[in-house]
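Report on the following structure.
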Amino acid sequence: MIGNKFALTNMAFFRSLLLIILIVAVSSCQTNAQLSPNYYSSTCPQALSIVKAEVAAAIKNETRIGASLLRLHFHDCFVNGCDGSVLLDDNSTFIGEKTAVPNNNSARGFNVVDNIKARLEKACPGVVSCADILAIAARDSVVRLGGPSWKVRLGRRDSTSASRSAANASIPPPTSNLSALISSFSAQGLSIKNLVALSGAHTIGLARCTSFRSHIYNDSNIDPSFANSLRRICPRSGNDSVLAPLDRQTPTCFDNLYHKNLLEKKGLLHSDQEIFNGSSLTDGLVKMYAADTSLLFKEFAKSMIKMGNIKPLTGNAGEIRINCRKAN
């Protein structure tokens, strides 16, 4: 009798467990299903072409803006998910992310997003989210500068608030060591392979003296002649806003020279060189990407899709902002 009761209890437990697993699986599938490359195919079929044209015009006007748009998407996704929160201006209820340490006097491209949004609102009012604009613009920027393409999954909705403290806590600073970088990416569900591939975004763009000063004066894992050349433009104090290319050879071309430079200890930021600094976890990946551009492009594209899926707002969550700088 006791055995029968135990068996029945066991069966009930496993049925309950199976039900929980099924609910979680269905919920997960529904979340992923709501993001689709074809999300706007009927509601705003010209959305992708509008973003592409505006990004092309912006890069033609200033090549550096491509890197800035890519960075905006990264900084958006790492703070409470890919929800367009990085675009919100401060208001009476919150202090947003624009003045967080990683973004203050550094994040750029907001006017380009405004232009894209204005065109989309004329074509398809209230349809395309600001979060999706960032995701598409990041892809189009990479492609325009010679990098890989990928199908951007769409259907994100926009947050109605932002948090400077969350941005300060979630975006890894340029002084991060490898352990901190791995932890930061892991917290977003991103692997070490994703970390090393996505770091390849630093093959384009520029960084301020304040971001690399400690690396060129305090670190030993840097090529001496490279450090000396940077010290000439970035003194121990002053010249904080002087810029240097993250990839010293081709800062406006998306290639694998960033990873090649790391092999020569010519990473501009401390955090750059940390991913090639004697660790068995990352050194091999850097060597692989430095040797094979097509492999880097493949892994970068896969990693961008994965990053773009970080905690999106879908269904009835959030809203579709009319103006990307403020909630409706």
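Remember, it's a predicted structure, so these values are computed and weren't measured experimentally. These numbers come from the heavy atoms of this one structure, side chains and all, not from hydrogens, waters or symmetry mates. Starting from 1, each residue takes its place in the sequence as its number.
Remark: the N277 side chain and the E274 side chain contain an N/O donor-acceptor pair separated by less than 3.5 Å. Side-chain atoms of T160 and E319 form no donor-acceptor pair, as typed in the model, at a separation below 3.5 Å. Checking Q188 against N194 by side-chain atom types alone, no donor-acceptor pair falls below 3.5 Å. There is a side-chain donor-acceptor pair under 3.5 Å between S163 and S165. Judged by distance alone, the side chains of R208 and S241 do bring a donor and an acceptor atom under 3.5 Å apart. Side-chain N/O atoms of H202 and D247 include no donor and acceptor closer than 3.5 Å.
Classification of E121 and K117 as a salt-bridged pair holds, one side-chain N sitting under 4.0 Å from a carboxylate O. A salt bridge links R108 and E62; the closest N-O separation between the charged side-chain nitrogens and carboxylate oxygens is under 4.0 Å. Here D140 does not pair with K52 in a salt bridge; the nearest charged N to carboxylate O distance is not below 4.0 Å. Note on R156 versus D83: no salt bridge recorded, every NZ/NE/NH1/NH2 to OD/OE distance being 4.0 Å or above.
In this structure a side-chain-to-backbone donor-acceptor pair under 3.5 Å is missing from S85 to A162.
Of all the heavy atoms in G126 and I322, the pair that sits closest is CA-CD1, 4.0 Å. Closest non-hydrogen pair, F185 versus L195, comes out as CE1-CD1, 3.5 Å. Across all their heavy atoms, S214 and T175 have their closest contact at OG-CG2, 4.1 Å. What you find for S170 and S184 is that their closest heavy atoms are O-OG, 3.5 Å. Taking all atoms of both residues into account, the shortest heavy-atom contact from A47 to V128 is CB-CG2, 4.0 Å. In terms of heavy atoms, L269 sits closest to P174 at CD1-CB, 4.0 Å.
Remark: K98 qualifies as a cation-pi partner of F110 under the 6.0 Å distance and 45° angle criteria applied to the six-membered ring.
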Going through the distances and angles, do N80 and S159 end up as a side-chain contact (heavy atoms from CB on, under 4.5 Å)?
-> CA-CA 9 Å; N80 297 321; S159 66; over 6 Å; no
Y258 and Y289: ring-ring contact (aromatic ring centres under 6.0 Å, His included), yes or no, with the steps?
-> CA-CA 9 Å; Y258 165 82; Y289 297 149; over 10 Å; no
Dump the intermediate steps for side-chain contact (heavy atoms from CB on, under 4.5 Å) on L48 and Y40, then the final yes or no.
-> CA-CA 9 Å; L48 293 177; Y40 297 114; over 6 Å; no
Please lay out, stage by stage, how V196 and H259 fare under the test side-chain contact (heavy atoms from CB on, under 4.5 Å).
-> CA-CA 9 Å; V196 179; H259 289 94; 4.0 Å; yes
Start with the C-alpha distance between E299 and K306, add both sets of side-chain angles, then the distance that settles salt bridge (Lys or Arg N to Asp or Glu O under 4.0 Å), and finish with yes or no.
-> CA-CA 10 Å; E299 294 301 331; K306 189 174 179 181; over 6 Å; no
Verdict with supporting geometry, D255 and T203, side-chain hydrogen bond (donor to acceptor under 3.5 Å, both in side chains) | CA-CA 6 Å; D255 52 33; T203 190; 2.7 Å; yes
Stepwise side-chain contact (heavy atoms from CB on, under 4.5 Å) check, N91 with K326 | CA-CA 8 Å; N91 62 27; K326 61 181 182 179; over 6 Å; no
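Distance check: L198 CG to S303 OG gives 4.5 Å after rounding to the nearest 0.5 Å. With values rounded to the nearest 0.5 angstrom, L246 atom CG is found 9.0 Å from R71 atom CZ. Between atom CG of residue D292 and atom CZ of residue F297 there is a gap of 10.5 Å, rounded to the nearest 0.5 Å.
Under a hydrophobic clustering in which Ile, Leu, Val, Met, Phe, Trp and Tyr are joined whenever their side-chain heavy atoms come within less than 4.5 Å, directly or via other members, I136 and L145 fall into the same cluster. Taking hydrophobic clusters as Ile, Leu, Val, Met, Phe, Trp and Tyr residues chained together by side-chain heavy-atom distances below 4.5 Å, M288 shares a cluster with L190. Residues L243 and F226 are members of separate hydrophobic clusters, defined by side-chain heavy-atom contacts under 4.5 angstrom among Ile, Leu, Val, Met, Phe, Trp and Tyr. Grouping the Ile, Leu, Val, Met, Phe, Trp and Tyr side chains by contacts below 4.5 angstrom, directly or via other members, places I116 with V152. Transitive grouping of hydrophobic side chains (ILVMFWY, heavy atoms separated by less than 4.5 Å) keeps L35 and L154 in distinct clusters.
For R157, the CZ atom sits in a packed shell: over 12 heavy atoms of surrounding residues, nucleotides or ligands are nearer than 6.0 Å.
You'll find the side chain of L134 stays beyond 4.5 Å of the side chain of C82, heavy atoms only.
Among residues at least two apart or in separate chains, disulfide bond (SG atoms under 2.5 Å apart) pairs with a member in residues 195-243 are C209-C234. For residues 209-232, the pairs satisfying salt bridge (Lys or Arg N to Asp or Glu O under 4.0 Å) are R213-D240, with sequence neighbours left out.
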